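Before any comments, here is the structure.
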Amino acid sequence: MAREKAHVEDINRSMYDFRYEDKDNYKVEGGLTEEIVEEISKEKKDPDWMRDLRLRSLRIYNEKPVQNWGPDISGLNMDEIVTYVRPNTNMKANWDDVPDNIKETFEKLGIPQAEIDSLAGVGAQYDSELVYHNLREEVAAQGVVYTDIESAVHGEYGPMIKEYFMKLVPPTDHKFAALHGAVWSGGSFVYVPKGVHVEIPLQSYFRLNAPGAGQFEHTLIIVDEGASLHFIEGCSAPKYNVANLHAGCVELYVKKNAKLRYSTIENWSKNMYNLNTKRAIVDEGGQMEWVSGSFGSHVSCLYPMTILNGEGAKVEFTGVTFAGAGQNLDTGAKVVHNAPKTSSFVNTRSISKDGGISTFRSSIKVSPNARESKAAVSCQSLMLDPISRSDTIPAMDIRAADADIGHEASIGSISDDAVFYLMSRGLNEEEAKALIVSGFADNVSKELPLEYAVEMNNLIRLEMIGSIG
């Protein structure tokens with residue numbers, strides 16, 4: 001009889017943990033110097049304004065202190081992080097032209113099949129560069145632009161990139177935003193013209209293959225007046241015994257009466273420092289929806305921010321976080337109400353087991369002119385054993401007297417009665433707990449397209465199997 005798995009370390013995570021030799025890759029030296037930034041800029045054939053932005057960002061990075069709150073990131077040594085790794089290929093529009101090892105990577109992750117089944121366009125990034133990009137003809141015919149951001153910088157949309165790039169998340173925002181500004185590479189640019197509704201999602205998938213490397217992709221999405229879009233982001237990496245870093249940046253512009261849904265499943269390996277920055281600004285009558293699943297990484301600091309800048313603008317944030325052994329996931333959401341009759345709803349679930357630490361932070365700011373605005377925050381935490389930890393840290397700064405603000409938080413453990421009931425119906429203890437946790441996270445999975453909901457539930461099950469004993 002096969003031995004029952006007793007620890008999460010025993011789980012077969014081969015779907016994500018495979019990796020390939022990177023001996024044919026071009027990479028810069030480890031560390032961060034002006035010479036390295038200049039080398040990346042030269043490799044990218046940056047226009048002068050982008051090169052200047054990189055060098056200014058480097059100066060800001062060197063001046064900014066490391067954060068003195070949140071998870072310990074002292075194990076991240078920037079002198080050892082390789083900030084740019086170029087796979088031995090240029091970007092392809094035909095899947096058959098992608099090199100076999102890279103193609104196999106994304107096929108194992110189900111990306112080509114997902115594209116065939118249910119996506120309007122796909123971008124696939126491998127280490128520091130996009131290696132594949134495709135947009136359905138019928139979507140392109142609507143005037144929708146979906147391309148890698150480097151092509152956009154050098155093409156007809158260059159002036160638009162210059163107008164919007166790192167304006168919502170400036171390098172001065174924090175140390176790792178400055179780092180991103182200095183060494184960013186890869187990522188996607190999306191522009192949806194006025195009144196255009198993209199009926200099926202666009203997707204970007206980021207795969208970090210190289211050990212000791214950083215990934216710094218930049219995503220810039222502009223949804224023009226009255227338009228709508230669903231964009232999906234997936235992330236994964238194999239596990240190495242050295243630290244990897246993800247410090248990407250997402251800037252989302254939702255214009256008047258437009259709507260954007262941004263869904264993310266992050267399953268970085270547990271040697272990853274995930275220090276990503278995501279921000280949206282929403283104009284009058286616009287709607288922003290975030291759907292976020294965070295499962296991987298050793299340390300995460302991730303707080304998507306939405307600025308409701310026009311009257312009647314709305315945001316909903318729905319998230320689930322799963323912190324297992326050796327993980328400290330510090331996540332949450334920020335909302336700034338800057339206009340009258342704006343509304344926000346933040347609804348999160350966090351799960352911790354095997355000593356994992358899950359911290360939820362929320363920040364709600366209501367400016368004096370945001371009259372008749374509404375905000376509600378609901379966070380629920382589930383600890384699966386006595387050695388795990390879950391904290392909730394809400395912050396509210398309300399400057400409008402007629403604002404309607406609510407907050408609720410609950411922390412609990414799995415009910416023995418519920419486990420006993422499910423076991424009496426034929427499940428073993430492991431299966432019963434996994435089912436309860438899946439139900440706890442259901443509010444997120446039901447918001448995702450089917451194949452991503454299945455992936456999320458599979459990830460939860462991977463984390464749960466073998467957690468007894």
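Throughout, residue positions are numbered sequentially from 1 according to the sequence presented. For clarity, every value in this text was computed on a predicted model and none was experimentally measured.
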* Which pair of heavy atoms, one from S344 and one from I364, lies closest together, and at what distance? -> OG-CD1, 4.4 Å
* Are the side chains of I81 and L76 in touch, meaning some heavy atoms are under 4.5 Å apart? -> yes
* To do: Kindly give the heavy-atom pair with the smallest separation between H197 and A227, and that separation in Å.
  => ND1-C, 4.3 Å
* To do: Starting from the C-alpha separation in whole Å, work towards a yes-or-no answer on side-chain hydrogen bond (donor to acceptor under 3.5 Å, both in side chains) for S367 and H337.
  => CA-CA 6 Å; S367 66; H337 292 256; over 6 Å; no
* Hey, does L220 have a side-chain heavy atom less than 4.5 Å from the side chain of I161? -> yes
* Would you list the pairs meeting salt bridge (Lys or Arg N to Asp or Glu O under 4.0 Å) in which at least one residue belongs to residues 286-299, sequence neighbours left out? => K259-E289, R261-E289
* **Side-chain heavy atoms of S390 within contact of S350, under 4.5 Å** => yes
* Taking the side chain as every heavy atom from C-beta outward, state whether S185 and E150 have any atom pair closer than 4.5 Å. => yes
* Asked: Can any side-chain N or O of T348 pair as donor or acceptor with the backbone N or O of V320 at less than 3.5 Å?
  -> no
* Kindly compute the distance separating CG (N274) from OG (S300), expressed to the nearest 0.5 Å. => 4.0 Å
* Looking at residues at least two apart in the chain, or sitting in another chain, which of them share a side chain to side chain donor-acceptor pair (under 3.5 Å) with S343? -> none
* N/O donor-acceptor pair under 3.5 Å between Q327 side chain and L329 backbone -> no
* Criterion side chain to side chain contact (heavy atoms under 4.5 Å, CB included) on V282 and V315, from CA distance to verdict -> CA-CA 8 Å; V282 188; V315 63; 5.7 Å; no
* To do: Describe, in one word, how the ring planes of Y146 and F231 are oriented to each other, choosing from parallel (under 30°), tilted (30 to 60°) and perpendicular (over 60°).
  => perpendicular
* To do: Go through the steps to decide whether L252 and L260 satisfy the test side chain to side chain contact (heavy atoms under 4.5 Å, CB included), and finish with yes or no.
  => CA-CA 9 Å; L252 309 175; L260 173 60; 3.9 Å; yes
* Contacts of type side chain to side chain contact (heavy atoms under 4.5 Å, CB included), residue E225, not counting sequence neighbours -> K194, K255, K256
* **Whether H407 side chain and V377 backbone form a donor-acceptor pair below 3.5 Å** => no
* Side chains of L308 and K314 in contact at under 4.5 Å (non-hydrogen atoms) -> no
* To do: Evaluate side chain to side chain contact (heavy atoms under 4.5 Å, CB included) for K374 paired with F345, printing each intermediate quantity in order.
  => CA-CA 8 Å; K374 297 181 179 180; F345 179 47; over 6 Å; no
* **Pair listing, side chain to side chain donor-acceptor pair (under 3.5 Å) test, anchored in residues 52-66, at least two apart** => D46-R54
* Who pairs with Y157 by ring pair (Phe, Tyr, Trp, His ring centres under 6.0 Å), at least two apart in sequence or on another chain? -> F189
* What distance do L55 atom CG and S41 atom OG have between them, rounded to the nearest 0.5 Å? -> 7.0 Å
* Kindly say whether the aromatic ring centers of H246 and Y273 come within a distance under 6.0 Å. => no
* Sequence neighbours excluded - salt bridge (Lys or Arg N to Asp or Glu O under 4.0 Å) pairs with any residue from residues 297-309 -> none
* Salt bridge flag under 4.0 Å for residues E251 and R279 -> no
* Asked: Do the side chains of I73 and V66 get nearer than 4.5 Å, heavy atoms only?
  -> yes
* Is the Y253 ring parallel, tilted or perpendicular to the Y164 ring (thresholds 30°, 60°)? -> perpendicular
* **Intermediate values then yes/no, side chain to side chain contact (heavy atoms under 4.5 Å, CB included), R361 and W69** => CA-CA 12 Å; R361 299 177 194 267; W69 53 271; 3.8 Å; yes
* Structure fact -> Hits for side chain to side chain donor-acceptor pair (under 3.5 Å) against N257, two or more places apart or cross-chain, chain-then-number order -> none
* Asked: In chain order, what residues pass the side chain to side chain donor-acceptor pair (under 3.5 Å) check against S373, with sequence neighbours excluded?
  -> T342
* Between N369 and N338, is there a donor-acceptor pair closer than 3.5 Å when you use the side chain of the first and the backbone of the second? -> yes
* Kindly compute the distance separating CD (E233) from OG1 (T219), expressed to the nearest 0.5 Å. => 5.5 Å
* Asked: Taking the side chain as C-beta and beyond, is there a heavy-atom pair between S292 and F317 under 4.5 Å?
  -> yes
* Structure fact -> The reported gap from OG1 in T321 to CD1 in I351 (rounded to nearest 0.5 angstrom) is 8.5 Å
* To do: Kindly write out the residues that satisfy side chain to side chain donor-acceptor pair (under 3.5 Å) with T277, not counting sequence neighbours, or none if the list is empty.
  => H174
* Could I get the full list of side chain to side chain contact (heavy atoms under 4.5 Å, CB included) partners for I405, not counting sequence neighbours? => V366, A375, M396, I398, A403
* Parallel, tilted or perpendicular: rings of W184 and H218 (30°, 60°) -> perpendicular
* Structure fact -> All heavy atoms of W290 vs all of A280, minimum pair found to be CZ2-CB, 3.8 Å
* Validation row: C301, Q67 side chains within 4.5 angstrom (heavy atoms) -> yes
* Asked: Can any side-chain N or O of N276 pair as donor or acceptor with the backbone N or O of G248 at less than 3.5 Å?
  -> yes
* Structure fact -> side chain to side chain contact (heavy atoms under 4.5 Å, CB included) filter on P340, not counting sequence neighbours, yields E311, R371
* Reported CG-to-CG distance for the pair N271 and N244, which is rounded to 0.5 angstrom -> 5.0 Å
* K45: what forms a side chain to side chain contact (heavy atoms under 4.5 Å, CB included) with it, not counting sequence neighbours? -> H154
* **Nearest heavy atoms of A370 and A400, plus distance in Å** => O-CB, 3.8 Å
